[in-house]
Amino acid sequence: MQWLAINHALAADPGAKITIKGWVRTRRDSKAGLSFIALTDGSCFDTLQIVAPGELSNYESEVQKLTAGCAIEADGELVESQGKGQTVELRATDIRVVGWVDNPDTYPIAQKRHTFEYLREVAHLRPRTNSFGAVARVRHCLAAAIHRYFHENGFYWIHTPIITASDCEGAGEMFRVSTLDTVNTQRTPEGAMDFEQDFFGREAHLTVSGQLNVETYCCALSKVYTFGPTFRAENSNTSRHLAEFWMIEPEIAFANLSDNADLAEDFIKSLIKTLLDEREDDMAFFDLRIQKGVVDNLKHVLESPFERITYTEAVELLEKADKKFEYPVKWGIDLQSEHERYLTEEKIKRPVVVTDYPKGIKAFYMRMNDDGETVAALDVLAPGIGEIIGGSQREERLDVLDSRIAEMKLPKENYWWYRDLRRYGTVPHAGFGLGFERLIQFVTGMANIRDVIPFPRTPRSAEF
RNA sequence: UCCCCGAUAGCUCAAUUGGUAGAGCGAGCGGCUGUUAACCGCUAGGUUGUAGGUUCGAGUCCUACUCGGGGAGCCA
């Protein structure tokens with residue numbers, strides 16, 4: 001018999017004789033002499049109901065002993081269901097138990113409600129739950145949609161390095177990569193770690209961003225992007241931060257900040273559209289059980305343009321706000337979480353693009369505006385999670401870049417190859433970074449970022 | 001890293017002013033039923049996060065630590 005994944009079995013015509021394989025969600029016995037088994041194989045949100053008649057040779061010895069989590073194979077015929085809740089079901093002619101559950105009493109994913117906090121402690125089994133199965137499928141759908149979007153729009157995927165020795169990013173605390181003996185550490189005469197003896201002959205770290213590297217390919221292939229893991233050794237303990245997370249960073253040449261904002265908006269909307277088209281089942285679940293109205297919110301995002309305001313306008317809005325903030329607003333400060341939340345959740349109620357921030361709170365590579373006070377930076381703020389995108393037009397003028405490097409007391413020599421881009425055919429270009437997990441949080445309504453990545457890495461936590 | 005809260009059965013939570021630790025869900029067994037968050041009955045299940053301290057007596061009070069949650073900072 002043909003083995004069908006459950007998503008295909010559910011769409012197949014009644015009468016088909018097929019095999020399905022998966023894990024038991026529930027078993028309900030009927031003294032009419034049959035049992036109902038809800039089976040999932042993760043191919044879609046729904047389970048397939050197996051009707052196991054009492055005539056099966058192993059009915060009493062095995063079928064009636066099945067518990068949540070058991071792995072089975074079932075042969076049978078797809079028939080129209082006599083009961084409510086499903087259109088088709090499998091009338092089994094043979095059920096084979098592939099793997100039993102040792103002790104149903106202590107099986108961590110018992111058929112009952114569990115908290116997300118608890119499920120994090122059993123991260124190896126939580127993908128068997130409705131919530132984590134749905135997150136995994138949505139995550140895949142978005143990852144595929146990201147590559148498809150860029151491919152169809154003429155972008156090339158650039159594999160920027162995971163290990164970097166260039167020490168240029170300055171985007172946060174970094175994890176060291178080293179092969180030095182941790183017990184008998186080689187020391188310099190001054191007593192410092194002797195990185196000349198290390199694998200790369202210099203200090204190396206896990207990347208905090210592929211941006212500087214991808215800019216080099218942007219200044220050759222015009223439209224490029226990175227999509228890969230990034231690492232921050234910040235001691236951040238929040239529902240929006242991970243030590244290891246995935247980031248999407250497009251970079252476009254012959255482009256300014258406005259082009260950048262256009263790309264960000266079109267990109268996000270395209271992903272949402274694909275998600276709503278392809279994962280209707282999982283999104284219906286998030287809408288029902290995780291965040292009421294999340295699907296309508298996403299449709300609303302599709303229908304309306306992102307609000308675009310400058311930092312200065314944002315500050316004015318906040319100063320006029322009929323609301324007391326813990327941190328008072330003043331031109332020059334970075335926007336606090338409460339400010340971002342007010343703008344995107346209360347005032348404007350959809351994603352907001354804030355542009356042209358004071359130079360003092362932004363990175364050296366962002367392009368200086370004509371006012372000499374602000375830089376061509378942009379943040380996209382999303383309701384519920386705050387900053388989802390950070391980006392900028394890059395400073396393409398060598399003299400301005402150099403003065404910014406000097407102003408911020410950065411080691412100019414480390415940036416030699418980055419500066420070369422400005423010496424040889426420099427061109428206006430721009431890009432942004434989108435946190436993949438924050439995107440998933442936004443579209444699913446999942447409250448904690450630890451629950452939208454299979455194995456979250458956070459301070460003092462890397463069990464799995 | 002800072003502020004606040006928490007840790008008791010497999011899970012979610014109760015336990016009066018300090019006085020022998022309870023329920024729901026889950027699980028096992030039985031009943032009932034083309035069932036589907038099923039329902040009804042019975043049963044099992046706990047050195048109360050760790051280490052100290054106060055007390056005749058600590059789940060309860062005190063100290064430290066560990067882990068978890070909410071908020072803040074850093075950011076994506």
Side-chain angles (χ1 to χ4, degrees), chain A residues 25-39 46-54 64-65 67-69 79-86 89 91 101-122 125 130 169-173 208-211 229-249 264 288-289 326-327 334-338 340-341 361-363 379-382 385-391 432-442 447-450 453 458-461 463:
Chain A
R25 268 280 169 67
T26 60
R27 187 199 87 238
R28 295 178 295 274
D29 298 327
S30 165
K31 274 299 181 300
L34 63 163
S35 294
F36 301 95
I37 299 164
L39 199 74
D46 288 320
T47 54
L48 179 61
Q49 174 160 282
I50 301 172
V51 182
Q64 288 198 299
K65 292 188 167 65
T67 58
V79 296
E80 287 182 33
S81 180
Q82 296 170 33
K84 290 173 184 157
Q86 60 280 320
E89 61 194 17
R91 178 159 286 273
V101 165
D102 270 356
N103 181 357
D105 192 31
T106 56
Y107 177 55
I109 314 294
Q111 187 50 34
K112 72 175 288 286
R113 290 278 174 78
H114 290 109
T115 60
F116 288 133
E117 292 80 11
Y118 165 71
L119 289 170
R120 268 171 232 151
E121 296 171 9
V122 287
L125 296 171
N130 276 334
E169 288 91 347
E173 290 296 310
V208 294
S209 162
Q211 179 202 313
T230 46
F231 307 87
R232 306 265 168 102
E234 305 284 353
N235 191 5
S236 316
N237 288 289
T238 81
S239 56
R240 308 180 304 282
H241 290 85
L242 291 166
E244 176 182 298
F245 63 100
W246 288 61
M247 189 152 61
I248 301 106
E249 296 174 285
L288 183 68
R289 290 289 157 83
E326 193 183 336
Y327 289 86
D334 209 352
L335 299 182
Q336 306 290 309
S337 289
E338 56 176 341
E340 297 182 345
R341 202 167 290 153
I361 57 174
K362 289 291 180 184
D379 282 358
V380 178
L381 311 178
I385 46 174
E387 185 178 342
I388 192 170
I389 281 179
F432 60 81
L434 167 66
F436 188 43
E437 285 75 18
R438 287 189 182 174
L439 173 69
I440 300 171
Q441 279 189 279
F442 175 59
N448 197 308
I449 200 166
R450 296 174 178 94
I453 188 169
T458 54
R460 312 195 61 80
S461 175
E463 174 69 20

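Note on naming: letters A, B, ... go to the chains in the order of the sequence lines (proteins, then strands), and numbering restarts at 1 for each one. Given the structure is predicted, the values throughout are model-derived calculations rather than measurements.
Around CG of A:Asn103, the count of heavy atoms belonging to other residues, nucleotides or ligands within 6.0 Å exceeds 12.
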Working for side-chain hydrogen bond (donor to acceptor under 3.5 Å, both in side chains), residues A:Glu249 and A:Ser209: CA-CA 8 Å; A:Glu249 296 174 285; A:Ser209 162; 2.8 Å; yes
Step-by-step side-chain contact (heavy atoms from CB on, under 4.5 Å) determination, A:Glu387 to A:Arg438: CA-CA 8 Å; A:Glu387 185 178 342; A:Arg438 287 189 182 174; 4.3 Å; yes
A:His241 and A:Ile449: CA distance, side-chain angles, deciding distance, side-chain contact (heavy atoms from CB on, under 4.5 Å) verdict: CA-CA 7 Å; A:His241 290 85; A:Ile449 200 166; 5.7 Å; no
Working for side-chain contact (heavy atoms from CB on, under 4.5 Å), residues A:Gln49 and A:Arg28: CA-CA 11 Å; A:Gln49 174 160 282; A:Arg28 295 178 295 274; 3.2 Å; yes
Residues A:Glu117, A:Asn448; criterion side-chain contact (heavy atoms from CB on, under 4.5 Å); working and verdict: CA-CA 10 Å; A:Glu117 292 80 11; A:Asn448 197 308; over 6 Å; no
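Heavy atoms of A:Arg289 sit nowhere under 4.0 angstrom from any nucleic acid atom. Counting any heavy atom pair closer than 4.0 Å across all strands shown, A:Thr47 reaches no nucleic acid atom. Among the atoms of the strands shown, none is found under 4.0 Å from any heavy atom of A:Leu439. The residue A:Ser35 sits apart from the nucleic acid: no heavy atom pair falls under 4.0 Å. Across all strands, A:Arg460 comes closer than 4.0 Å only to sugar-phosphate atoms, never to a base (heavy-atom distances). Within 4.0 Å (heavy atoms only), A:Tyr327 reaches sugar-phosphate atoms of the nucleic acid but no base atom. Across all strands, A:Asn448 comes closer than 4.0 Å only to sugar-phosphate atoms, never to a base (heavy-atom distances). Counting any heavy atom pair closer than 4.0 Å across all strands shown, A:Gln441 reaches no nucleic acid atom.
B:rA76 atom P lies 9 Å from atom CD of A:Gln211, rounded to whole Å. A:Asn103 has its CG atom 17 Å from the P atom of B:rG26, to the nearest Å. Atom CD in A:Glu338 sits about 8 Å away from atom P in B:rA72, given to the nearest Å. Straight-line distance from the CZ atom of A:Arg25 to the P atom of B:rA27: 14 Å, rounded to whole Å. Distance A:Gln111 CD to B:rA27 P: 8 Å, rounded to the nearest Å. Nucleotide B:rC2 holds its P atom 17 Å from the CD atom of A:Glu326, rounded to whole Å. Straight-line distance from the CG atom of A:Leu34 to the C1' atom of B:rU35: 8 Å, rounded to whole Å. Rounded to a whole Å, the CD1 atom of A:Ile385 is 15 Å from the P atom of B:rG70.
B:rC42 and B:rG49 have their C1' atoms separated by 33 Å, given to the nearest Å. Taking atom P on both B:rA64 and B:rC3, the two are 12 Å apart, rounded to the nearest angstrom. The same atom, P, is picked in B:rG69 and in B:rC11; the two are 16 Å apart, to the nearest Å. With P as the reference atom, B:rA21 and B:rC25 are 23 Å apart, rounded to whole Å. One P atom belongs to B:rC32, the other to B:rU48, and the distance between them is 42 Å to the nearest Å. Between B:rU20 and B:rG46, the two C1' atoms lie 14 Å apart (nearest whole Å). Taking atom C1' in both B:rC65 and B:rC29, one finds a spacing of 44 Å when rounded to whole Å. Taking atom C1' on both nucleotides, B:rC56 is separated from B:rU63 by 23 Å, rounded to a whole Å.
Here the side chain of A:Glu387 is nearest to one of B:rC75, B:rU33, B:rG69, namely B:rC75. Nearest to the side-chain atoms of A:Gln49 among the listed nucleotides B:rG34, B:rC75, B:rU33 stands B:rG34. With B:rG68, B:rG69, B:rA27 as the choices, the nucleotide that has an atom nearest any side-chain atom of A:Ser461 turns out to be B:rG68. Candidate nucleotides B:rA76, B:rG26, B:rA72 were compared by shortest atom distance to the side chain of A:Arg240, and B:rA72 ranks first. Residue A:Phe245 has its side chain nearest to B:rA76 when only B:rA72, B:rA76, B:rC75 are considered.
Residue side chain A:Phe36 fails the stacking definition with respect to B:rG34, as its ring centre and the base's six-membered ring centre are not both under 5.5 angstrom apart and under 30 degrees in plane angle.
Atoms CZ and CD, from A:Arg27 and A:Gln64 in turn, are 6.5 Å apart once rounded to the nearest 0.5 Å. Between the OG1 atom in A:Thr230 and the CE atom in A:Met247 there is a gap of 4.0 Å [rounded to 0.5 Å].
Considering only side-chain N and O atoms, A:Ser337 lies under 4.0 angstrom from the phosphate OP1 or OP2 of B:rG73. Between A:Arg232 and B:rG73, a side-chain N or O to OP1/OP2 separation shorter than 4.0 Å is absent. In this model, the phosphate group of B:rC74 is not approached by any side-chain N or O of A:Ser236 to a distance below 4.0 Å at OP1 or OP2. Residue A:Gln336 has a polar side-chain atom (N or O) positioned under 4.0 Å from OP1 or OP2 of B:rG73.
Taking each heavy atom of A:Ile388 and A:Leu439 in turn, the nearest pair found is CD1-CA, 3.8 Å.
Of the possible polar contacts, none joining the A:Ser236 side chain to the A:Thr238 backbone as a donor-acceptor pair under 3.5 Å is found. Between the A:Gln211 side chain and the A:Phe432 main chain, no donor and acceptor come within less than 3.5 Å of each other.
Taking only distance into account, the side chain of A:Glu173 never meets the base of B:rU1 through a donor-acceptor pair shorter than 3.5 Å. Evaluation of atom-type donor-acceptor distances gives no pair under 3.5 Å for the side chain of A:Arg28 against the base of B:rC39. Within 3.5 Å, a donor on the side chain of A:Asn237 pairs with an acceptor on the base of B:rU1, or the reverse.
For the strand RNA chain B, secondary-structure stems (runs of at least three Watson-Crick or G-U pairs, all distances below 3.5 Å) span B:1-7 with B:66-72, B:10-13 with B:22-25, B:27-31 with B:39-43, B:49-53 with B:61-65.
Counting heavy atoms from C-beta outward, A:Leu119 and A:Ile109 have side chains that approach closer than 4.5 Å. The side-chain heavy atoms of A:Phe116 and A:Arg450, taken from C-beta on, include no pair separated by under 4.5 Å.
Position along RNA chain B of the nearest nucleotide to A:Gly435 versus A:Ala110 favours A:Ala110 as the more 5'-ward residue. A residue-by-residue look at A:Pro459 and A:Val51 shows that A:Val51 has its nearest nucleotide of RNA chain B further toward the 5' end.
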Atom pairs under 3.5 Å: protein N/O with N/O of nucleotides 11-15 of chain B:
from, atom 1, to, atom 2, distance (Å)
B:rC11, O2', A:Lys112, NZ, 3.3
B:rC11, O2, A:Lys112, NZ, 2.9
B:rU12, OP1, A:Thr115, OG1, 3.3

